[in-house]
Number of protein chains: 2
Amino acid sequence: MKKEGITMKDIAREANVSVATVSHVINNTKNISQATRKKVMSITEKYNYTPNYSAKNLRQQSTKTVALVISSHPDAFVTEMIFAIEERAAEMDYNLLLVNTKEHSEYEEKTINLLHSNLVDGIILSPTSGDIQYLQNYTKDKFPIVMVNRYDDSIENIPRVTGDNFQLGYDATMHLLDHGHEKIGFIYTYPDVSTTEDRIKGHHEALKQANIPFDQELIIQGFAHIDGGAAATKELLMKNNRITALFIQNDLMTIGALDAIKEMNLRIPDDIAIIGFGEFSASHIVDPSITTIVLPPETIGKTAFDILLNKMNNPDYMNHVELPPFMNIRKSCGCQ
Amino acid sequence: MKKEGITMKDIAREANVSVATVSHVINNTKNISQATRKKVMSITEKYNYTPNYSAKNLRQQSTKTVALVISSHPDAFVTEMIFAIEERAAEMDYNLLLVNTKEHSEYEEKTINLLHSNLVDGIILSPTSGDIQYLQNYTKDKFPIVMVNRYDDSIENIPRVTGDNFQLGYDATMHLLDHGHEKIGFIYTYPDVSTTEDRIKGHHEALKQANIPFDQELIIQGFAHIDGGAAATKELLMKNNRITALFIQNDLMTIGALDAIKEMNLRIPDDIAIIGFGEFSASHIVDPSITTIVLPPETIGKTAFDILLNKMNNPDYMNHVELPPFMNIRKSCGCQ
DNA sequence: CTGAAAGCGCTAACAG
DNA sequence: CTGTTAGCGCTTTCAG
């Protein structure tokens with residue numbers, strides 16, 4: 001579809017000045033006499049002129065927009081992060097393009113490739129679990145990319161902001177251990193992503209310090225949705241009826257777990273204790289209320305944008321920030 | 001920041017052909033001999049060429065991107081809708097720009113104005129409660145806008161997709177009436193938006209049919225967040241201790257209401273029955289489970305995009321679609 | 001089948 | 001203080 005917008009040329013003609021002058025008054029980029037300034041302004045207002053951004057972007061080799069590429073249907077944590085990024089971008093006068101790759105790494109690559117080259121000035125990426133070596137193509141061009149939440153150490157020159165997921169896995173496990181639980185089920189979302197792996201490492205470390213051998217049977221995938229969480233919980237509890245606690249890596253799976261536990265007529269925390277990752281709005285009103293270990297999605301989001309901004313201004317900018325986890329202790333873990 | 005991308009000119013030079021030819025092979029827009037096509041392709045691949053979209057967009061007067069402008073921090077319903085729109089846009093090869101106006105109507109106007117004129121080809125708008133007469137500027141230019149969720153009848157030539165909120169208000173109220181409730185508290189998010197107003201009209205109609213006078217005291221604002229819902233609930237129940245049921249217009253406020261009710265030591269549904277608008281993932285696991293009346297966010301989102309697509313192709317396209325509500329009957333309303 | 005050239009709307013260096 | 005001009009990278013008509 002063609003858009004018949006009014007252009008600087010039109011305004012220049014009507015005001016009897018050159019387009020250069022029009023450009024200068026609109027962008028406040030040079031001293032222009034009050035008289036002509038007024039004349040031009042009144043005409044732009046009369047026609048409700050807005051600049052053609054394609055032209056402007058082409059000329060300036062920049063679009064003032066960044067893309068946020070997330071990898072999965074967002075849970076509460078990711079949703080908060082998205083809107084924090086949107087807010088920060090708006091504050092800084094950037095537009096935000098939103099893309100969901102739904103864990104398809106080929107689509108992710110295609111997307112990044114599309115976004116690259118003057119569609120956006122930079123990308124905030126929460127990568128899929130697939131191979132992301134292709135990113136080297138962009139980093140060697142110094143195209144500004146920052147990773148958020150998940151990361152991949154093998155890609156160089158990409159700053160990132162994540163949670164300290166090792167510590168998170170450690171803390172949550174320790175908390176359960178402190179309550180005397182020795183057989184702890186661990187339900188993760190997807191394998192081969194840093195969030196999962198680091199939490200597992202922290203989990204191991206805590207077990208090791210408590211001299212409890214790690215049992216591969218106790219760890220299972222839940223696919224980040226309610227049904228997956230329910231299924232994983234059932235499978236875990238059927239196969240290993242001595243499990244006394246569950247550490248669950250996302251809010252939707254936690255809800256699924258609660259379903260399954262109710263269905264199995266088990267009591268929380270007496271029969272089975274629970275710690276979930278990620279706050280969700282109902283954590284405190286379900287009975288018993290759910291103890292969660294969280295990371296600050298707003299801080300992560302805003303920081304990611306700020307880092308990207310730095311990276312866009314200085315292609316060699318590097319920074320890895322890792323935010324500490326925090327526990328909301330409620331009742332599902334056996335604390336009062 | 002300057003991006004030193006490779007351009008068609010570079011490729012043309014290296015392949016000893018004209019840029020026109022390069023353009024034609026890349027876009028498959030004319031018959032080109034196998035030989036030159038291969039030559040060109042190999043060079044584009046070698047350099048991982050991607051077109052400069054600013055230039056392309058400028059030339060074609062279109063950007064293949066649309067904007068989604070929402071008005072408030074998203075609850076579960078809006079989040080689902082957003083991702084449905086994103087999905088549909090991706091399917092149709094459009095990019096999606098996301099903007100949150102946070103109920104500031106001046107910012108909304110500024111945003112629409114910015115988006116207009118070659119930043120995006122069209123807009124899906126969930127307007128704030130403020131005056132949106134300014135939209136006339138764009139509709140008379142035939143700039144493609146569709147309203148989603150909320151609408152304003154006074155703006156012409158804007159298609160929309162919404163829920164049938166009159167019916168929703170009617171059905172929920174009727175359901176409560178059927179359970180013998182006569183004093184029903186109504187907690188809304190924001191006034192002066194169609195969703196609120198239509199639901200109130202449906203609520204009135206149901207009361208009228210049951211010969212129950214409408215009491216202005218029973219209706220109160222909850223601001224679409226948890227704390228607001230809790231405060232509204234307390235105020236309502238303090239002032240009108242004969243209220244026996246609550247009809248709450250968003251999931252976060254419902255959670256706040258549950259907080260307040262627990263704090264007041266009231267039992268659901270015996271002391272106070274509840275119907276909430278909008279499904280949230282924990283509706284079924286809180287105790288008692290929450291009866292909700294819902295609208296289909298995915299359908300609304302996808303339909304909005306499809307309508308926008310039609311509108312972009314044909315500026316005179318008009319269509320108002322109104323999706324029916326649906327009840328998830330659980331226990332908080334007194335049904336078994 | 002291929003190329004030359006114009007032009008989308010804007011910015012910015014330079015000249016006057 | 002204002003205007004001329006070149007050119008960003010691409011598409012598309014027209015000619016060859």
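Crowding of A/Glu91 atom CD: a count of heavy atoms from other residues, nucleotides or ligands under 6.0 Å exceeding 12.
Neither side chain, B/Ser129 nor B/Glu103, offers a donor N or O lying under 3.5 Å from an acceptor on the other.
The nearest whole Å value for the distance from the CG atom in B/Asp10 to the P atom in D/dC8 is 11 Å. Rounding to whole angstrom units, CG of residue A/Asn28 and C1' of D/dC1 are separated by 15 Å. In this structure, CG of B/Asn27 is placed 12 Å from C1' of D/dG9, rounded to the nearest angstrom. Rounded to whole Å, the distance from CD1 on A/Ile32 to C1' on C/dA12 is 13 Å. Between the CE atom of A/Met8 and the C1' atom of D/dT4 there is a distance of 16 Å, rounded to whole Å. Here D/dT12 presents its P atom at 12 Å from CG of B/Leu58, a figure rounded to the nearest Å. Whole-Å rounding puts the A/Asn16 CG to D/dT2 C1' distance at 13 Å. Rounding to whole angstrom units, CG of residue B/Asn52 and C1' of D/dG9 are separated by 6 Å.
For B/Lys9, counting side-chain heavy atoms from C-beta on, the closest listed nucleotide (C/dA13, D/dC8, C/dC8) is D/dC8. The A/Ser18 side chain lies nearest to D/dG3 when the options are D/dT12, C/dC10, D/dG3. Set against C/dG9, C/dA13, D/dC10, the side chain of B/Ala55 has D/dC10 as its closest nucleotide.
Contact between the side-chain N/O atoms of B/Thr7 and the OP1/OP2 oxygens of D/dG9 is not found at any separation under 4.0 Å. Close to C/dT2, at under 4.0 Å from its OP1 or OP2, lies a side-chain N or O of B/Ser33. Between B/Tyr49 and the phosphate of D/dC10, there is a side-chain N or O to OP1/OP2 separation shorter than 4.0 Å. Within the 4.0 Å cut-off from OP1 or OP2 of D/dG3, at least one side-chain nitrogen or oxygen of A/Thr21 is found.
For A/Thr65, the side chain to side chain contact (heavy atoms under 4.5 Å, CB included) test picks out A/Thr63, A/Asn95, A/Val120, with sequence neighbours left out. Shown here are the side chain to side chain contact (heavy atoms under 4.5 Å, CB included) partners of B/Pro127, two or more places apart in sequence or in another chain: B/Glu108, B/Leu125, B/Ile132, B/Met147, B/Arg150. Considering only residues two or more places apart in sequence or on other chains, A/Thr79 meets the side-chain hydrogen bond (donor to acceptor under 3.5 Å, both in side chains) condition with none of them. In this structure A/Thr303 satisfies the side chain to side chain contact (heavy atoms under 4.5 Å, CB included) test together with A/Val161, A/Thr299, A/Ile307, A/Val321, sequence neighbours excluded.
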Below 3.5 Å is the cut-off: list the nitrogen or oxygen pairs between protein and nucleotides 5-7 of chain C, distance only.
unit_1, atom_1, unit_2, atom_2, d
C/dG7, N2, B/Arg59, NH1, 3.1

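Both tests pass for B/Arg160 against the ring of B/Tyr151: distance under 6.0 Å to the centre and angle within 45° of the axis.
Listed here is the closest heavy atom pair of B/Leu308 and B/Pro144: CD1-O, 3.7 Å. Of all heavy-atom pairs spanning A/Pro159 and A/Lys311, the tightest one is CG-CD, 3.6 Å.
Of all the residues in residues 34-48 of chain B, B/Thr36 reach under 4.0 Å from DNA chain C with at least one non-hydrogen atom.
We find that A/Glu87 and A/Lys302 are joined by a salt bridge, their nearest charged nitrogen and carboxylate oxygen being less than 4.0 Å apart.
Residue contacts shown for A/Asn57 are absent, as no nucleic acid heavy atom lies under 4.0 Å away.
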